[in-house]
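Shown next, in structure tokens, is the structure this report addresses.
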Amino acid sequence: MGQELNPPNPSPDTASLVKRLAGPSTTKAGLAKDQSEINRIIAEASKGSKFYDNEKRKDKELTERINKILKQRDDARQGVDISQIEKSTDHTLDQLESHRDLSQVIVHVDMDAFYANVELLHNPELKGKPFGVGAGVLSTASYDARKYGVRSGMPGFIAKKLCPELILVNINFTRYQEMSDKVMDIFRRYDPNMLAAGCDEGYLNITAYCEEHNLDPQACVQEMRAFVHKETNLTVSAGIAPNKNKPNGQFYLPFDRESIKSFMQDLPIRRIPGVGRVNERLLDAIGIKTCGDIYTHRATLSLMDKQFGLQFLLRIHLGIASNVVEPGKREERKIASAKVHFRTFSTLSDRQQILNKLEEVAAELEDDTERNGWTGKTVTLKYKLNTYQVYTRAKSFDRWISTKKDDLLAVCHHLWQYHLLLLVFLIFIIYRSARNFCQAILCQLG
DNA sequence: GCGGATCAC
DNA sequence: TATGGTGATCCGC
Ligand SMILES: Nc1ccn([C@H]2C[C@H](O)[C@@H](COP(=O)(O)OP(=O)(O)OP(=O)(O)O)O2)c(=O)n1
Ligand SMILES: [Mg+2]
């Protein structure tokens, strides 16, 4: 009874929801030290919106999923010989360890605040000021803005709350692509097989270059970074290690087993590429926060290989990753995306109006595909409701799709399940046989 | 093949 | 007032 006299706040945000609302890129360099106050402001600003409700729904679903996994874990551990399982995973670890290859010098290079620093070249007055790139949602933020908690993926109006003097700069993709080409060319001098990962980073194997030029890795990377700065006025960070697992920022990881193990020991699991917000929570639920914790819970992970991926995590624990660097798949994948924005006074709730919009998108798609002579065998219709719930509906054909407007419209009309209150429509035509893409049209409603 | 979920940048 | 674009992969069905 006594407890009921002190009811909790009405629907307080759970820690997990507050964290979810903060967005995916909360581990970026240059962010403020105290994120809890920042996260509170973000949650406050989000409250009451449809977006917030949707995040809350997803958070609840994830909590249920976690509870299910915990139950599975408890069931799986019943009546099995844990020490036997641990022995078996130890054997796997020994196997992995025996194949550890420290012979290759891998460097990961990543441009600093890429879009922001390119904008700085065009507008030097921004120097030293907090600014973000992008309208609506920020693609990135200058380091001066990050101090306030402003970061990638954050909507502009919330960023302004965190930093009222924040300047918003429009996005100019062609500029970034130009600079990207320049930078990549420099990287390729050091490894012609470089793997470009996105437009601002790359993985290089500089073993051969160091040998030929009689350079040690540190000197080699310093030289490369100096070249980038000289030729582009942009700065770049690098991590040098025996494989492609990127350390944060600029870093040299000594090439011996002990150094690597101690580096991994306290590294938060979230820093590993492939472990995002969701997997971070799942792993946290079974007691894993750092790469070192993987070993402690190896029996559970072994029993729940399906859910967590034992091999993936064991390799992470040891700090063993691929040290083969190859350029990405060569397949041409031209994307000419056309975009149409419509603004109406409210979301569309009338079938005929929606069909009219769909027809506009189909017409745009016909136009683009005709112009470029492309087609495919799958049509995908994707739409977002004003609740932020997303649906995709697809249909594949044995023959090439007619990209005539009316044919596309007929297919999409069929795929659209008469949901109302739409925010966004997208149509894709996918060319799958060569695992190739595509064409996308976006139609913004409401 | 389909649809949802997750992740990276 | 208001929460992105693009591309990829994986899993369960
Ligand atoms: N959610 C995101 C993340 C990134 N980007 C774009 C803008 C970035 O400038 C570029 C490179 O991404 P990075 O993750 O490397 O971020 P930055 O280069 O901006 O900053 P950092 O100095 O942390 O590398 O990709 C984006 O559009 N949306
Ligand atoms: Mg970068």
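Below, each value reflects all heavy atoms present in this structure, side chains not excepted, and no hydrogens, waters or symmetry copies. Proteins get letters first, then strands, A, B, ... in listed order; numbering begins at 1 in each.
The shortest distance between the side-chain N/O atoms of Ser396(A) and the OP1/OP2 oxygens of dC2(B) is below 4.0 Å. An OP1 or OP2 oxygen of dG4(C) is reached within less than 4.0 angstrom by no side-chain nitrogen or oxygen of Arg151(A). For the OP1/OP2 pair of dG4(B) and a distance below 4.0 Å, the side-chain nitrogens and oxygens of Arg393(A) include at least one atom meeting the criterion. Phosphate contact (OP1/OP2 of dT3(C), side-chain N/O of Tyr388(A), threshold under 4.0 Å): present. Between Asn279(A) and dT6(B), a side-chain N or O to OP1/OP2 separation shorter than 4.0 Å is absent. Distances shorter than 4.0 Å separate none of the side-chain N or O atoms of Thr392(A) from OP1 or OP2 on dC2(B).
The separation between Leu62(A) atom CG and dG4(B) atom C1' is 14 Å, rounded to whole Å. Separating the NZ atom of Lys384(A) from the P atom of dG4(C) is a distance of 5 Å, rounded to the nearest angstrom. Straight-line distance from the CZ atom of Arg65(A) to the P atom of dG4(B): 15 Å, rounded to whole Å. If you take CZ of Phe114(A) and C1' of dA8(B), they are 16 Å apart, rounded to a whole angstrom. In this structure, Lys50(A) places its NZ atom 15 Å from P of dT1(C), rounding to the nearest Å. For Tyr115(A) and dG4(C), the OH to P distance is 16 Å, given to the nearest whole Å. In this entry the distance linking CG of Leu385(A) with P of dG4(B) reads 11 Å, nearest Å. The distance from atom CD of Glu280(A) to atom C1' of dA5(B) is 17 Å, rounded to the nearest whole Å.
Ring-plane geometry between Tyr388(A) and Phe51(A) is classed as perpendicular, the angle between the planes exceeding 60 degrees on a 0 to 90 degree scale with a lower cut at 30. Relative orientation of the Tyr176(A) and Tyr115(A) rings is parallel, given thresholds of 30° and 60° on the angle between their planes. The aromatic rings of His317(A) and Tyr295(A) lie parallel to each other, their planes meeting at an angle below 30°, with 60° marking the opposite boundary.
Residue Ile171(A) is the one, among Lys306(A) and Ile171(A), whose nearest nucleotide of DNA chain C lies closer to the 5' end (criterion: closest heavy atom). Where Arg20(A) and Cys199(A) each meet DNA chain B at their nearest nucleotide, the meeting point lying more 5' is that of Arg20(A).
Using a 4.0 Å heavy-atom criterion, one finds that Ser46(A) contacts the bases of the nucleic acid, with or without backbone contacts as well. Contacts of Gly276(A) with the nucleic acid, taken as non-hydrogen atoms under 4.0 Å apart, involve only primed sugar atoms and P, OP1 or OP2. Residue Ser139(A) is classed as a base contact, given a heavy-atom separation below 4.0 Å to a base. Nucleic acid contact for Leu138(A): none, since no nucleic acid atom lies under 4.0 Å from a heavy atom of the residue.
We find the CG-NZ distance between Asn54(A) and Lys50(A) to be 11.5 Å, quoted to the nearest 0.5 Å.
Nucleotides dT3(C) and dA8(B), compared at atom P, are 24 Å apart to the nearest Å.
Of the residues listed (Glu359(A), Glu370(A), Glu364(A), Glu360(A)), the one engaging Lys405(A) in a salt bridge (Lys or Arg N to Asp or Glu O under 4.0 Å) is Glu359(A), and it is the only one.
If you check dT6(B), dA8(B), dT3(C) against the side chain of Val278(A), the one that comes closest is dT6(B). Side-chain proximity of Ala394(A) to dG4(C), dC2(B), dG12(C): nearest is dC2(B).
Inspection of the Gln104(A) and Asn205(A) side chains reveals an N or O donor paired with an N or O acceptor under 3.5 Å.
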